[in-house]
Amino acid sequence: MLALSQAIESYGLDPGPILQAGEVELSQFDVNSRLPSHALDRMICLAVEATGDPAFGLRFVEFLQPTSYHALGVALLYSPTLRSFCQRLERYFAMATTLDDTRFVEEGDVAYLVTRPLVSYSNTLRRCHSDGWTAWILKLLRQMSRPDYAPVQIDLVWAPPSDLQPRYEQLFHCPLNFL
């Protein structure tokens, strides 16, 4: 919630009304609090509407740190290899959230992460979540390995407007496939 609040504030907006719509009182929210999926969905939709930024998920990630996902984030950051990073993520992801499922798949010389929602998201949250989750994983991978790390390809669930695509290319540094 803190990262969401900071992301909204970075647009010069007051996050209070958006958090209230999700029935979240930031001062009452602690690191062990869980948020119902419908409340998260509503807040992200309102944040995208208020900011006018369909790529809000990319901005949101700027305010996430490894500790945003508690011990899992730190464990991922200190993974000795990319493979162990992906294996840890798959194994312990359910401890961080029950909203999605993440799998690490190895097929021959190709390895990839697949994240699928376990709940129904609005189209807005689906897009923001795809952008944000992918950018956060890449941010961690760059912190644990090297700053210029780039995957072979990234698949996202939507094609952003053409004027936003350079923003995605600049962040991800690899071919993008929009599903």
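Using a 4.5 Å heavy-atom threshold, the side chains of Gln153 and Cys174 count as separate. Side-chain contact between Pro66 and Leu140: present, with at least one pair of heavy atoms (C-beta onward) separated by less than 4.5 Å. Using a 4.5 Å heavy-atom cutoff, the side chains of Tyr112 and Glu107 are in contact. Taking 4.5 Å as the limit, every side-chain heavy atom of Ser145 sits out of range of all side-chain heavy atoms of Phe85. Side-chain contact check for Ser5 versus Leu19: some heavy-atom pair is nearer than 4.5 Å. Residues His70 and Met95 form no side-chain contact, since every pair of their non-hydrogen atoms from C-beta on lies 4.5 Å or further apart. The side-chain heavy atoms of Phe63 and Ser10, taken from C-beta on, include a pair separated by under 4.5 Å. Considering only heavy atoms from C-beta on, Thr102 stays 4.5 Å or farther from Ile137 through its side chain.
Remark: Asp101 engages Arg103 in a salt bridge (charged side-chain N to carboxylate O under 4.0 Å, His left out) (not counting sequence neighbours). Under the ring-ring contact (aromatic ring centres under 6.0 Å, His included) criterion, Tyr121 pairs with His129, sequence neighbours left out.
Other residues, nucleotides and ligands contribute over 12 non-hydrogen atoms within 6.0 Å of the CZ atom of Arg88. With a 6.0 Å radius and a threshold of 12 heavy atoms from other residues, nucleotides or ligands, Glu106 has its CD atom above the threshold.
Looking at every heavy atom in both residues, Pro54 comes nearest to Trp158 through O-CZ2, 3.6 Å. Minimum heavy-atom separation, Val48 to Thr124: CG2-CG2, 3.7 Å.
Screening Met144, Gln65, Glu62 for a side chain to side chain contact (heavy atoms under 4.5 Å, CB included) with Lys139, the sole residue that qualifies is Gln65.
Comment: Asp131 does not engage Arg167 in a salt bridge, judged by the lack of any side-chain N to carboxylate O separation of less than 4.0 angstrom.
To the nearest 0.5 Å, the span separating OG on Ser84 from CG on Leu89 amounts to 11.0 Å.
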Given the rule in the side-chain contact (heavy atoms from CB on, under 4.5 Å) test, do Asp100 and Trp133 qualify, once you have shown the distances and angles that lead to the verdict?
CA-CA 11 Å; Asp100 301 295; Trp133 178 249; over 6 Å; no
